[in-house]
Amino acid sequence: MKKKTKENIFKVFVIILFFISIFSIIMPRALGNYDELWNFNFANQMANGLIPYRDFNMIQTPLMPMVCSIFLKIFGQELIVMRVLAVILNLMIFYVSYKILSYLKVSKPLILGTLISIFLILQKYMYIDYNLGLLLILLLIIYLELRKTTQKLELHIKYDILIGILSGLCFTLKQSIGMVAIIAIVGYQILKVKNKNDLILFIKIALFRALGALIPIGILIIYLICNNALKDFISYAILGIGTFSNNIPYTRLIFGKIKITFVLSILVPILLIIMLIITLVKRRKVVTIFTVFSLTSFLLVFPISDEIHFYIGIVPILIYISYLISRFLRGINWKNRKKKKYIFLRTFLSCVIILSSIYFGYMNIKKNIDYFRNMDTQTLMNGYKYITMSEYTKKKIEIVDNFILSQNKPVYILDAEAVLFRIPINQYYKDYDMFLKGNLGKDGEEGQIQKLEADDNKIILIRKDTIKRNWQNPEEVRNYVKENYTKVGSISIFDIYE
């Protein structure tokens, strides 16, 4: 009973510590991250009654904005609501990570050290994001598989359907990783097949898991058909991806300036290869589960191998590394060591981690106090209420929005930042407000040029030549505008064409 009480106290401590820390990172953050704005805009448009693909362009499957739109409808269509949801999402990631480490009997100081390490590498990227949603579900699958899966094949109908549903939810968050997750949960148990009876049992397990996966996928397809959006879904989320010609090579992580990224970008693939070999040879439960789902999560890194995708994608393998360290420490025969030295070392390391955690929590509490103390200085702009915003950003939005509202014809902003200006005035133009390569449907940039040619009544804004553009900017469309329209002036960061 005493042990259980200690466990509960430690669990509460972890939850409070990471709630304070995550809140202090997300809530005071200054406005300006494109991914946050795009995800908010998706959810905002759904809250306005628009249908994804049919009415606005996006390439991932729509579960995340669909869920967020419900909360926006209830609590108000403001970015701050999305940030509260981001706090909850990220806290759940750390809680499930804690549950996995705890189930694997990792020591409490090492659990804290692992979670703080994950926090430190993820803190810049904590938003409401479908990649983080995928990570949460993959961690849930790992936890359930660790608890239920055995060395031998066993059929548990309710459990297998639940695992299938979770993999199907991965598909409704991001179709590419979702397909891999479904194949993983259905197929990896074939490694346990040793005879004909095992093969029959494997087929039954695979069928129930596949059935579970089809439940959320089937609901999504019905939703798209009922809203006459299936054709547009195929255009944007399937065929449109073929027009995405930009990528960031993995070598950029290796040869980048951040040392920890350099080390991990080399270490992680090597460890994954070793894990895969051990899985194929030994077929042990823990390493097999972590190998399958660490590989699935690692696919998030491609084709855009930047820091955000990399750090989110390697979380499962970081948890596995912690488990390996824990096993190594447990395997040392401490009885043959000098007991006093061991006790001193263990106590010292535990105190360092616990004191670091307290300091870590204190600094984040201070950030939260400062944020709430300065609430009256935050913007009250529609959509961005109580969000920290620089004077430059605020002025830029006001200048551009006043210009848009003063015109008697539509103003199209052909730029990645368009959404920043559209949200406060509650305007939306399909394709133009997330103007990126790969996000324009199956016809790509040529389709957008034809769309502009067919529309005579418009004003076009493109970013000035002297200001850096997003790396995914559709340059063919930009060049078409410069060659076929007349520049009539400038406003803030944009040139005006008619």
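All values derive from a computational prediction rather than experimental measurement.
L166 contributes atom CG, which lies 13.5 Å from atom OH of Y143 (distance to the nearest 0.5 angstrom). The distance from the CG atom of D35 to the OH atom of Y127 is 8.0 Å, given to the nearest 0.5 Å. Interatomic distance, I177 CD1 to Q60 CD, rounded to the nearest 0.5 Å: 12.5 Å. Here the CD-CD1 distance, from Q189 to I163, works out to 9.0 Å after rounding to the nearest 0.5 Å. Rounding to the nearest 0.5 angstrom, the gap separating the OG1 atom in T291 from the CG atom in L271 is 8.5 Å. Rounding to the nearest 0.5 Å places CD1 of I93 at 4.5 Å from CG of L135.
Residues I182 and S167 approach most closely at CG1-OG, 3.6 Å, considering heavy atoms. Scanning all heavy atoms of the two residues, the minimum distance from M126 to I22 falls at SD-CG1, 4.2 Å. Across all non-hydrogen atoms, the minimal contact from M82 to N39 is CE-O, 3.6 Å. Residue S490 comes nearest to K464 through the heavy atom pair CB-CE, 3.8 Å, listed as atom of the first residue, atom of the second, then distance. Across every non-hydrogen atom of Y384 and E78, the tightest pair is N-OE1, 3.2 Å. Of all the heavy atoms in A47 and S69, the pair that sits closest is N-CB, 3.7 Å.
Inter-residue side-chain proximity for I462 and I496 is flagged as unmet; no heavy-atom pair is nearer than 4.5 Å. Here the side chains of Y236 and N439 are not in contact, with every heavy-atom distance at 4.5 Å or above.
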I'd like to know whether T393 forms a side chain to side chain donor-acceptor pair (under 3.5 Å) with S390, so could you lay out the CA-CA distance, the side-chain angles of the two residues, the decisive distance to 0.1 Å, and finally the verdict. CA-CA 5 Å; T393 301; S390 69; 2.9 Å; yes
Verify side-chain contact (heavy atoms from CB on, under 4.5 Å) between I142 and F290, making sure each step is shown before the conclusion. CA-CA 7 Å; I142 290 171; F290 271 102; 4.0 Å; yes
Would D433 and R422 count as a salt bridge (Lys or Arg N to Asp or Glu O under 4.0 Å) if you check the C-alpha gap in whole Å, the side-chain angles of each, and the deciding distance to 0.1 Å? CA-CA 8 Å; D433 290 353; R422 294 297 185 190; 3.4 Å; yes
Run the side-chain contact (heavy atoms from CB on, under 4.5 Å) check on I137 and L134 step by step: do they pass? CA-CA 5 Å; I137 294 178; L134 274 168; 5.9 Å; no
Evaluation steps, side chain to side chain donor-acceptor pair (under 3.5 Å), between Y125 and N90: CA-CA 10 Å; Y125 314 114; N90 284 277; over 6 Å; no
Starting from the C-alpha separation in whole Å, work towards a yes-or-no answer on side-chain contact (heavy atoms from CB on, under 4.5 Å) for T279 and Y188. CA-CA 10 Å; T279 296; Y188 90 93; over 6 Å; no
Yes or no on side-chain contact (heavy atoms from CB on, under 4.5 Å) for E417 and L420, after CA distance, side-chain angles and deciding distance? CA-CA 6 Å; E417 204 175 16; L420 176 71; 3.4 Å; yes
Would K482 and D465 count as a salt bridge (Lys or Arg N to Asp or Glu O under 4.0 Å) if you check the C-alpha gap in whole Å, the side-chain angles of each, and the deciding distance to 0.1 Å? CA-CA 11 Å; K482 292 179 73 173; D465 292 337; 3.0 Å; yes
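Panel note: side chain K174, backbone G133; no donor-acceptor pair is recorded below 3.5 Å. Of the possible polar contacts, none joining the N41 side chain to the V419 backbone as a donor-acceptor pair under 3.5 Å is found. Y250 places no side-chain N or O within 3.5 Å of a backbone atom of P303 that could act as its donor or acceptor partner. Side-chain N or O atoms of S235 include none that pairs as donor or acceptor with a backbone N or O of G441 at under 3.5 Å. Without hydrogens or angle criteria, Q472 side chain to L436 main chain gives no donor-acceptor distance under 3.5 Å. Side-chain atoms of N402 come within 3.5 Å of backbone atoms of E398 as a donor-acceptor pair (strictly under, hydrogens ignored). Proximity of a side-chain donor or acceptor of N57 to a complementary backbone N or O of M434 within less than 3.5 Å is detected. At distances below 3.5 Å, not a single donor-acceptor pair connects side-chain atoms of N227 with backbone N or O atoms of A229. At least one donor-acceptor pair closer than 3.5 Å links the side chain of T388 to the backbone N or O of P28. When atom types are taken as modelled, the side chain of Q45 and the backbone of L50 share no donor-acceptor pair closer than 3.5 angstrom.
The aromatic rings of Y429 and Y412 lie perpendicular to each other, with more than 60° between the two planes, well past the 30° mark. Using cut-offs of 30° and 60° on the angle between ring planes, the pair F56 and F42 is parallel.
A donor atom on one side chain and an acceptor atom on the other are not found under 3.5 Å apart for Q450 and D443. There is a side-chain donor-acceptor pair under 3.5 Å between N48 and Q77. Y311 and T261 form a side-chain donor-acceptor contact under 3.5 Å, judged by distance and modelled atom types alone. E475 and N479 are not linked by any side-chain donor-acceptor pair at a separation below 3.5 angstrom, with hydrogens and angles left out of the test.
Salt bridge present: E36 and R83 bring a charged side-chain N and a carboxylate O closer than 4.0 Å. In this structure, E145 pairs ionically with R209, as a charged nitrogen and a carboxylate oxygen lie closer than 4.0 Å. With respect to R463 and D495, no salt bridge is recorded, no charged nitrogen being found less than 4.0 Å from a carboxylate O. Checked for salt-bridge contact, K458 and E498 miss the test: no charged N lies under 4.0 Å from a carboxylate O.
Under the rule for a side-chain hydrogen bond (donor to acceptor under 3.5 Å, both in side chains), R252 has no partner lying at least two apart in sequence or in another chain.
By the 6.0 Å and 45° rule, K451 stacks over the aromatic ring of Y432.
The aromatic ring centres of F18 and F94 sit less than 6.0 Å apart. In this structure, W38 has its ring center closer than 6.0 angstrom to the ring center of Y34. For Y497 and Y485, the gap between ring centers reaches or exceeds 6.0 Å.
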